[in-house]
Amino acid sequence: MATDKITVLVTGGCGFIGSHIVEALVKKGYKARILDNLSTGKLENIAAIPSEDIEVLLGDVTDHATVETAIQGCEYVFHEAAIASVPISVNDPVGTDKINYGATLNVLEAARKYGVRRVVFAGSAAVYGDEPTLPKRESMPTNPITPYGVDKLASELMGHCYNRTFGVEFVCLRYFNVFGRRQDPSSPYSGVISIFCDRLVQGVAPVIFGDGQQSRDFVYVSDVVAANLLVMEHPDAAGRTFNVGRGKATSLLDIAHLLNDLTGHSLQPIHKEPRPGDIRHSIADNTALTALGWLPKVTIRDGLAELIEAIQIAA
Ligand code: UD2
């Protein structure tokens, strides 16, 4: 059946953040096309979305022809597909580069060829590296210390190059520590909150690497989705890079405490050796994004409560 809905491509649309973006796009009346190879994404993440509003292409973002096919007819692209693990990038810099940088170039080139209006890219706070100045501002020098961070930065730079040189509008969102439903807890390098929650519902104490005073700018996935949808069409967003964090740091001890409080447990964290290469604190200056009208709405406590409820329902 013919449709006059605008089609939006979401690479990695079966993944953690991508599936939430797809859901929000469909709610706003867009048609979402998903390109995902299900390496970490899951079809069950999009199972609740009405099938007439989505198209799912199972394929690889590293394959140029596949990306060209996926992008044709799309006005916007959210490029979320990536190997989201720093340690995997350290173990296999060549393999991850093909995905975390090579695929971005594929997307940009196909966007240029097929006249996509705007590409929104899932960047990372990893581009700041371990330089201790806080909060992180977008204008600060970047100094990534892992292949993951370098690929994210290279992708940003190429995106801005396509913006200036070829007129493909490009926006980079540097995600801080995103948490929420559908974040996979199964690897030791999954987001710490997903791991803690997974253990908690099994009544197992969290393991904290180090003293637990290290802190992160945890941001709930629905606020990250709101940031994506805001910069998708905002006239002042094109050609720019924005931090996506709440601008508040929460320590791991506080997370463990909040989780006990929310569930009535009194699990004492088990402390182990600090994780090599860990940064101590991370916090975003989000002035640029809030100036566009973004306001993170979900507190850490409310986000944790929602997440625990979702995990308990699924269990
Ligand atoms: C985040 C991003 C990563 C990259 C990086 C840039 C996530 C999931 N990862 O890594 O993609 O952008 O920032 O700096 O958002 N921890 C424990 N116990 C556990 C698991 C983790 O104590 O069971 C600690 C870990 O040692 C670290 C903190 O929790 O101090 C956060 O770890 P993470 O893997 O959730 O995120 P991070 O900040 O290392």
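What you are looking at is a predicted structure, and each value in this text was computed from that prediction instead of being measured. Reckoned from all heavy atoms, side chains included, excluding hydrogens, waters and symmetry mates.
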Side chains of [X] and [Y]: closer than 4.5 Å at any heavy-atom pair?
X	Y	value
Phe170	Met158	no
Ile17	Val178	yes
Arg216	Ile279	yes
Val221	Gln183	no
Lys297	Asp302	no
Asp223	Trp294	yes
Cys197	Leu259	yes
Asn37	Thr62	no

Measure the [atom1]-[atom2] distance between [X] and [Y] for me, rounded to the nearest 0.5 Å.
X	Y	atom1	atom2	answer
Leu307	Ile300	CG	CD1	11.5 Å
Leu57	Leu9	CG	CG	8.0 Å
Asp36	Asp60	CG	CG	9.5 Å
Lys136	Glu131	NZ	CD	5.0 Å
Asp278	Glu273	CG	CD	12.0 Å
Thr250	Asp217	OG1	CG	7.5 Å

Neighbour count >12 (heavy atoms, 6.0 Å) for atom NE2, His271: yes
Glu309 atom CD, over 12 foreign heavy atoms within 6.0 Å: no
If only atom types and distance count, is the side chain of [X] paired as donor or acceptor with the main-chain N or O of [Y] below 3.5 Å?
X	Y	value
Thr142	Val127	no
Arg118	Val171	no
Ser190	Asp184	yes
Asn163	Gly239	yes
Arg181	His20	no
Gln202	Asp198	yes
Glu138	Asn243	yes
Asn286	Gly245	yes
Thr146	Val90	no

By side chain to side chain contact (heavy atoms under 4.5 Å, CB included) - contacts of Arg112 (at least two apart): Glu109, Tyr162, Phe166, Val168
Heavy-atom closest pair, residues [X] and [Y]:
X	Y	result
Gly59	Thr66	CA-CG2, 4.1 Å
Gly212	Ser251	O-CB, 3.5 Å
Pro206	Arg199	CA-NE, 3.9 Å
Ile208	Pro269	CD1-CB, 3.7 Å
Cys14	Leu43	SG-CD2, 4.1 Å
Thr96	Ser89	OG1-CA, 3.4 Å

Lys152: which of Cys172, Ser124, Pro144, Pro147 passes side chain to side chain contact (heavy atoms under 4.5 Å, CB included): Ser124
Test side chain to side chain contact (heavy atoms under 4.5 Å, CB included) applied to Arg246 and Thr299, step by step: CA-CA 9 Å; Arg246 302 182 76 248; Thr299 62; 4.1 Å; yes
Distance-only polar pair, side chains of Tyr175 and Asn228, donor-acceptor under 3.5 Å: yes
His64 and Glu68: side chain donor to acceptor below 3.5 Å: yes
Residue pair Gln312, Leu200: steps toward the side chain to side chain contact (heavy atoms under 4.5 Å, CB included) verdict: CA-CA 10 Å; Gln312 280 166 343; Leu200 188 92; over 6 Å; no
Salt bridge present between Arg301 and Asp254 (N-O < 4.0 angstrom): no
Is [Y] reachable from [X] through a run of hydrophobic residues whose side-chain heavy atoms are each under 4.5 Å from the next?
X	Y	value
Phe78	Val67	no
Leu134	Phe218	no
Ile49	Tyr30	yes

Chi angles and distances behind the side chain to side chain contact (heavy atoms under 4.5 Å, CB included) call for Tyr128, Arg137: CA-CA 9 Å; Tyr128 294 112; Arg137 263 189 300 279; 5.9 Å; no
Aromatic ring proximity Tyr220/Phe179, centre distance under 6.0 Å: yes
Side chain to side chain contact (heavy atoms under 4.5 Å, CB included) evaluation trace for Glu156 with Arg174: CA-CA 9 Å; Glu156 275 190 31; Arg174 288 180 182 163; 2.7 Å; yes
